[in-house]
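FYI, side chains are in, hydrogens and waters are out, and symmetry mates aren't considered; it's all heavy atoms of this structure. FYI, the numbering just counts along the sequence from 1.
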Amino acid sequence: MPGGRLTQQERHRIAAGLAARLSYAEIARRLGRPTSTISREIARNGGPAGYRPQRAHRATAARARRIPVAPFPAGAPEGRIDEEMVELAVRSGLPRITARVHIDLLLAEDGRRTAAELTRRLKVSPASVSVAVNSLVEYGYVRRERDPERRRDVYVVDDESWYVSVVISSRQTLEAARAAIDGAEAVGPDTPVGRRLARGGAFLQQIILDTLESATRWRGLLSEPPPGSGPR
């Protein structure tokens, strides 16, 4: 599906759309997803009356963990930290192969790899790497550069990626918050559902605005030497 698997924020927006009694097609349009993706997501996770975004996200992560994938290269200098970081990323909602691509880039000496290098190191198909990196680029975890000499794309993780990913994720959650607020108006702000959506939307909106302000305020830390790295 476009952009990889549904994110947790998108699942909350689906739930908000269902509460606002939007059609599957309208929910899909607002998310930039095919209608078939939304209908399958809802059908496999309790239907329109029983859809719960957090439960749906956990179920998807559990299904992803059952997909066999090759382990990280034996004897890699990173040791066990790579698999531990992958497990953390999977628990946060990333598909396993996407998590492995991200962690492999994070642990690369220069934070750079080509698609061919990722395919070879992780022993997965080029198509799997393509889906993974497209998702990582979309959400700001990775950026794409063009190598003019080798005429191929290079995928890069640098310090600024942390800031970019926070901003993109926050903006997506802010959209979900505003969708909930709009949903409250649609169903009636004085109804039980309207009050629930309005309160939740206002809460999320304020939290995300605070997060964006904090990320901007502390962005300079990404260009400073880490503590203890200076001369003694």
Side-chain angles (χ1 to χ4, degrees), residues 1-10 31-34 37 60-61 64-65 67-173 211-212 215-216 218-226 229:
M1 66 182 68
R5 294 176 180 170
L6 289 166
T7 65
Q8 190 166 13
Q9 290 87 355
E10 286 176 316
L31 293 181
R33 297 278 190 168
T37 297
T60 300
R65 284 195 290 271
I67 299 175
V69 293
F72 272 84
E78 297 87 355
R80 290 189 302 175
I81 188 174
D82 45 18
E83 292 295 349
E84 292 172 358
M85 293 175 70
V86 167
E87 291 303 322
L88 287 172
V90 169
R91 287 199 293 272
S92 74
L94 279 183
R96 184 168 293 274
I97 292 178
T98 304
R100 294 182 66 221
V101 169
H102 189 208
I103 300 308
D104 194 62
L105 280 164
L106 278 173
L107 297 180
E109 185 69 23
D110 58 357
R112 305 167 65 90
R113 301 224 194 272
T114 65
E117 289 169 338
L118 290 166
T119 298
R120 183 176 64 253
R121 285 178 54 80
L122 302 181
K123 296 181 173 60
V124 295
S125 69
S128 296
V129 168
S130 177
V131 170
V133 294
N134 285 340
S135 179
L136 291 168
V137 168
E138 178 183 358
Y139 293 110
Y141 298 124
V142 172
R143 78 170 188 274
R144 183 186 285 109
E145 292 183 355
R146 188 68 177 173
D147 184 343
E149 295 183 0
R150 295 192 287 176
R151 296 182 181 179
R152 64 181 66 183
D153 288 337
V154 180
Y155 300 100
V156 182
V157 171
D158 60 15
D159 292 335
E160 191 68 5
S161 299
W162 299 100
Y163 173 77
V164 173
S165 63
V166 167
V167 170
I168 291 176
S169 176
S170 296
R171 287 174 178 170
Q172 290 170 342
T173 305
T211 298
L212 287 169
T216 300
W218 296 107
R219 186 178 184 180
L221 290 175
L222 296 171
S223 58
E224 296 177 359
S229 63

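- A donor-acceptor pair under 3.5 Å is formed between the side chain of Asp158 and the backbone N or O of Ser161.
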(message) For Val133 and Val101: C-alpha separation, side-chain torsions, deciding distance, then whether side chain to side chain contact (heavy atoms under 4.5 Å, CB included) applies.
(response) CA-CA 7 Å; Val133 294; Val101 169; 3.8 Å; yes
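- To the nearest 0.5 Å, atoms CG (Leu31) and CG (Leu6) are separated by 7.5 Å.
- For residues 114-134, the set of pairs meeting the ring-ring contact (aromatic ring centres under 6.0 Å, His included) definition, not counting sequence neighbours, is empty.
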(request) Using the side chain to side chain contact (heavy atoms under 4.5 Å, CB included) rule, take Thr7 and Tyr139 through it: C-alpha gap first, then chi angles, then the decisive distance, then the call. (result) CA-CA 10 Å; Thr7 65; Tyr139 293 110; 3.1 Å; yes
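- A distance of 14.5 Å separates NZ of Lys123 from OG of Ser128, quoted to the nearest 0.5 Å.
- Smallest separation of non-hydrogen atoms from Glu10 and Arg33: OE1-NH2, 2.8 Å.
- Scored by the ring pair (Phe, Tyr, Trp, His ring centres under 6.0 Å) test, Tyr141 finds His102 as partners (sequence neighbours excluded).
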(request) Under the side chain to side chain contact (heavy atoms under 4.5 Å, CB included) rule, what do Val129 and Leu122 come out as? Steps first, then yes or no, please. (result) CA-CA 9 Å; Val129 168; Leu122 302 181; 5.5 Å; no
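- The backbone N or O of Gly220 lies less than 3.5 Å from a partner atom in the side chain of Ser223, making a donor-acceptor pair.
- Side chains of Arg113 and Val154 form no contact here, defined as non-hydrogen atoms less than 4.5 Å apart.
- Asp153 contributes atom CG, which lies 10.0 Å from atom CD of Glu145 (distance to the nearest 0.5 angstrom).
- Counting only distance, with no hydrogens or angles, the side chain of Asp104 and the backbone of Arg100 share no donor-acceptor pair below 3.5 Å.
- Using a cut-off of 4.0 Å between Lys/Arg side-chain N and Asp/Glu carboxylate O, Arg96 and Glu87 are scored as salt-bridged.
- Taking every heavy atom of both residues into account, Gln9 and Thr173 meet most closely at CG-OG1, 3.0 Å.
- The existence of a salt bridge linking Arg143 and Glu160 is excluded, since no basic side-chain nitrogen approaches an acidic carboxylate oxygen closer than 4.0 Å.
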(message) Using the rule given for side chain to side chain contact (heavy atoms under 4.5 Å, CB included), can you reason through Arg144 versus Tyr155, listing the C-alpha separation, both sets of side-chain angles and the distance that settles it, and then say yes or no?
(response) CA-CA 5 Å; Arg144 183 186 285 109; Tyr155 300 100; 3.5 Å; yes
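- Atom CD of residue Glu138 and atom CD of residue Gln172 lie 7.0 Å apart, to the nearest 0.5 angstrom.
- Leu107 and Met85 get closest at one heavy-atom pair: CD2-SD, 4.3 Å.
- Checking side-chain atoms of Thr216 against main-chain N and O of Leu212 turns up a donor-acceptor pair under 3.5 Å.
- Partners of Thr119 under the side-chain hydrogen bond (donor to acceptor under 3.5 Å, both in side chains) rule, at least two apart in sequence or in another chain, do not exist in this structure.
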